[in-house]
Amino acid sequence: MKLKDLLVNVKYTEISAVNPEISDIIYDSRKVTENTAFVCLKGYTSDGHKYAESAVEKGAAALIISDELDFAVPEGVAVIKTDDTRLALALMSAELFGRPAEELKTIAITGTKGKTTTAAMIASILEQAGIKTGIIGTIGIAYDGRVIKADNTTPESYIIQKSMRDMVNSGCRAMVIEASSIGLKHSRLAGITFDTAVFTNFSDDHIGGVEHKDMAEYLYCKSLLFRQCRHAAANKDDENYRVITKDAKEKVLTFGFSETADLRAENDRLLSDNGVIGVRFETEGIKKLSVEVGIPGKFNVYNALSAIAAVSFFDVDDKAIVDGLKLARVKGRVEPVPVPGNYTLLIDYAHNALSMENVLSTLRLYKPNRLVTMFGAGGNRPKVRRYEMGEVSGRLSDLSVITEDNSRFEDVMDIIEDIKTGINKTDGKYVVVPNRRDAIKYCIENAQDGDIIVLAGKGHEDYQEIKGVKHHMDERELVADILEELGL
């Protein structure tokens, strides 16, 4: 594609007026090849302008810059100057891949919590409606039965556009994406007009360091999504919803427990049935439904409402909504694993004190016979995290099974001693089983009727990192192997 065809929606100045054929767009100078366009991005620790000369030496046919260059660019190499190279990358990528968003139903979800679960619920509903759907988010890029790992919840714009094109080529008709505040801040979603944008909730998070300078910026970045959507839905029970959705083009569909919400949840109660725990509730307003969600916690009523509101703008029948919510699962987020006994086995990503407190407090509401938590702590990380995790598990679990979890370059037993320091501040019972597979086996062998067992820390991860090497380890596979070994 000609360079100027890629730049059709970019505001720019030509420094070198040539129009080469471009084979690809690159923003990592190490990946530059002949006839590519190199976009100079400014990161937290590096500046692509410093690598522009190297990119030219490797065969780049065009440079997209925002600052002056400190070398003489050879004749024949196009130089395009623009105020925001991240925005340029997004708009150029959309053209390179043929504007795939226009061939998909697109839904974006923003909010502090609930994005991953809501995305999974929406995708499950759409699939039940016969609409093949891809997801981009925390768990990676998922479509057509495969999951591709991504570096960020909301990947770089080039990756998003490429992924959407791959989804279209594989037969997808819809795409759901988690729109993080950082992704919005850095224009990763630019060039897409979403069919629906959803706001879940807002709380103090991602403030300081390299993320957001203050709450006002964090709030503002979330609001950017609603400037680029056709329809909008928002949690009316969150006081920030009006500010975040103020730029929406049409009336915002509201949801929540509020009597004035367009979609209301009523009569919510806990569900515990045959090893599956979740919530039940009814909806009133724009939809009258009786809903079961196989993911625990009242907050999943909100996530389900978010999903119902999102798909209400499409031609999706009520049966698909009910079936989709009942079947929805999020890999590594209180994910149930089938077991033959009369107990519940869950895999969860909780790997710090706050996330453990949230999960365990939620599970205690289900009044298990025992709440058993198996967990470890990462090596080469602050020791205080281990103390805090030990204290939380000791306080909220009936039994803690302490084991390994990405020990990295530390000795597992040293990490376990730190966890014990925290757990010994409580009256909580615990056992130590250093090998993670053995620890899972211990939990299964000693499970009692009515127990809820949480394998915490790994979640969707499928590896164990030891001394700089990531060894394959998927807890679902381990559970299956152990059940077979035990003849269960």
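All values below come from the heavy atoms of this structure, side chains included, with hydrogens, waters and symmetry mates left out.
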Candidate pair I192 and I160, rule side chain to side chain contact (heavy atoms under 4.5 Å, CB included), full reasoning: CA-CA 10 Å; I192 305 171; I160 292 173; 4.1 Å; yes

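- For the residue pair K458/N406, the side-chain donor-acceptor check at 3.5 Å is satisfied.
- Of the charged side-chain nitrogens involved, none lies within less than 4.0 Å of a carboxylate oxygen, so that D268 and R280 do not count as a salt-bridged pair.
- Of the N and O atoms on the side chains of E178 and T138, at least one donor lies less than 3.5 Å from an acceptor on the other residue.
- Other residues, nucleotides and ligands contribute more than 12 heavy atoms inside 6.0 Å of the NZ atom of K58.
- Residues satisfying the side-chain hydrogen bond (donor to acceptor under 3.5 Å, both in side chains) test with R264, not counting sequence neighbours, are none.
- Between R329 and E335 there is no salt bridge, since none of the side-chain N atoms of the basic residue sits less than 4.0 Å from a carboxylate O of the acidic one.
- Side-chain polar atoms of N352 and S355 form a donor-acceptor pair below 3.5 angstrom.
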For residues 121-128, run the donor-acceptor check on the side chains, cut-off 3.5 Å, and write out each pair with its distance to 0.1 Å, sequence neighbours left out.
residue : atom : partner : partner atom : Å
S124    : OG   : G324    : O            : 2.7
E127    : OE2  : T133    : N            : 2.9

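- One finds the CG atom of L7 at 13.0 Å from the NZ atom of K2 (value rounded to the nearest 0.5 Å).
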Apply side chain to side chain contact (heavy atoms under 4.5 Å, CB included) to M92 and V8, showing your working. CA-CA 8 Å; M92 292 172 69; V8 64; over 6 Å; no

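- No more than 12 heavy atoms of other residues, nucleotides or ligands sit less than 6.0 Å from atom CG of D83.
- Between R86 and D84, none of the side-chain N atoms (NZ, or NE/NH1/NH2) sits under 4.0 Å from a carboxylate O, so this pair counts as no salt bridge.
- A salt bridge is defined here as a Lys NZ or Arg NE, NH1 or NH2 lying under 4.0 Å from an Asp or Glu carboxylate O, and K288 with E282 fails to meet this definition.
- Legend: side chain to side chain donor-acceptor pair (under 3.5 Å) pairs involving residues 91-102, not counting sequence neighbours, sorted by first then second residue: N9-E95, E95-R99.
- Checked against side-chain hydrogen bond (donor to acceptor under 3.5 Å, both in side chains), K132 has the following partners two or more places apart in sequence or in another chain: D144.
- Look at R381 and D405 and you find no salt bridge, because none of the NZ, NE, NH1 or NH2 atoms lies under 4.0 Å from a carboxylate O.
- Within the structure, every pair that satisfies the ring pair (Phe, Tyr, Trp, His ring centres under 6.0 Å) test and touches residues 139-165, not counting sequence neighbours, is listed here: F97-Y158.
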Could you go step by step and tell me if R437 and E475 meet the salt bridge (charged side-chain N to carboxylate O under 4.0 Å, His left out) rule? CA-CA 8 Å; R437 186 188 190 279; E475 290 189 325; over 6 Å; no

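- Distance check: L225 CG to S180 OG gives 10.5 Å after rounding to the nearest 0.5 Å.
- For T254, the side-chain hydrogen bond (donor to acceptor under 3.5 Å, both in side chains) partners at least two apart in sequence or on another chain are D262.
- Listed by first then second residue, pairs satisfying ring pair (Phe, Tyr, Trp, His ring centres under 6.0 Å) with a partner in residues 99-135 number zero, not counting sequence neighbours.
- Using a 4.0 Å cut-off between charged side-chain N and carboxylate O, K319 and D317 make no salt bridge.
- Between I321 and K287, the closest heavy-atom pair is CD1-CE, 4.0 Å.
- Among residue pairs with one or both ends in residues 223-235, those qualifying as salt bridge (charged side-chain N to carboxylate O under 4.0 Å, His left out) are D195-R230, R227-D247; sequence neighbours excluded.
- Every pair passing ring pair (Phe, Tyr, Trp, His ring centres under 6.0 Å) that includes a residue from residues 456-481 is listed here, sequence neighbours excluded: Y349-H460.
- Legend: residues meeting side-chain hydrogen bond (donor to acceptor under 3.5 Å, both in side chains) with D481, ordered by chain and number and at least two apart, are absent.
- In this structure, CD1 in I109 is found 8.5 Å from OG1 in T116, a value given to the nearest 0.5 Å.
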Should K149 and D462 be marked as a salt bridge (charged side-chain N to carboxylate O under 4.0 Å, His left out) after you check the CA-CA gap, both sets of side-chain angles, and the distance that decides it? CA-CA 11 Å; K149 292 180 181 178; D462 59 0; 3.3 Å; yes

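- Enclosure of atom CD in E484 is not indicated, since only 12 or fewer non-hydrogen atoms of other residues, nucleotides or ligands lie within 6.0 angstrom.
- With values rounded to the nearest 0.5 angstrom, I177 atom CD1 is found 10.0 Å from T153 atom OG1.
- Applying the ring pair (Phe, Tyr, Trp, His ring centres under 6.0 Å) rule to Y220 yields no partners; only residues at least two apart in sequence or on another chain are considered.
- Atom CD1 of I295 sits about 7.5 Å away from atom CG of N303, to the nearest 0.5 Å.
- A donor-acceptor pair under 3.5 Å is absent between the side-chain atoms of D238 and the main chain of N201, judged by distance alone.
- Judged purely by atom type and a 3.5 angstrom limit, T36 has no side-chain atom pairing as donor or acceptor with the backbone of V32.
- A salt bridge is absent between R436 and E404; no separation between the charged side-chain nitrogens and carboxylate oxygens falls under 4.0 Å.
- Looking at residues two or more places apart in sequence or on another chain, you find a ring pair (Phe, Tyr, Trp, His ring centres under 6.0 Å) between Y302 and F257.
- Here the shortest heavy-atom pairing between S272 and I277 reads OG-CG2, 3.7 Å.
- For T112 and Y218, the side-chain atoms include at least one donor-acceptor pair closer than 3.5 Å.
- If you take CG on L253 and NE2 on H231, they are separated by 10.5 Å, rounding to the nearest 0.5 Å.
- One finds a salt bridge joining E217 and K185 here, because a Lys/Arg side-chain nitrogen approaches an Asp/Glu carboxylate oxygen to under 4.0 Å.
- Contact check on E103 versus R173 returns no salt bridge, with no Lys/Arg side-chain nitrogen under 4.0 Å from an Asp/Glu carboxylate oxygen.
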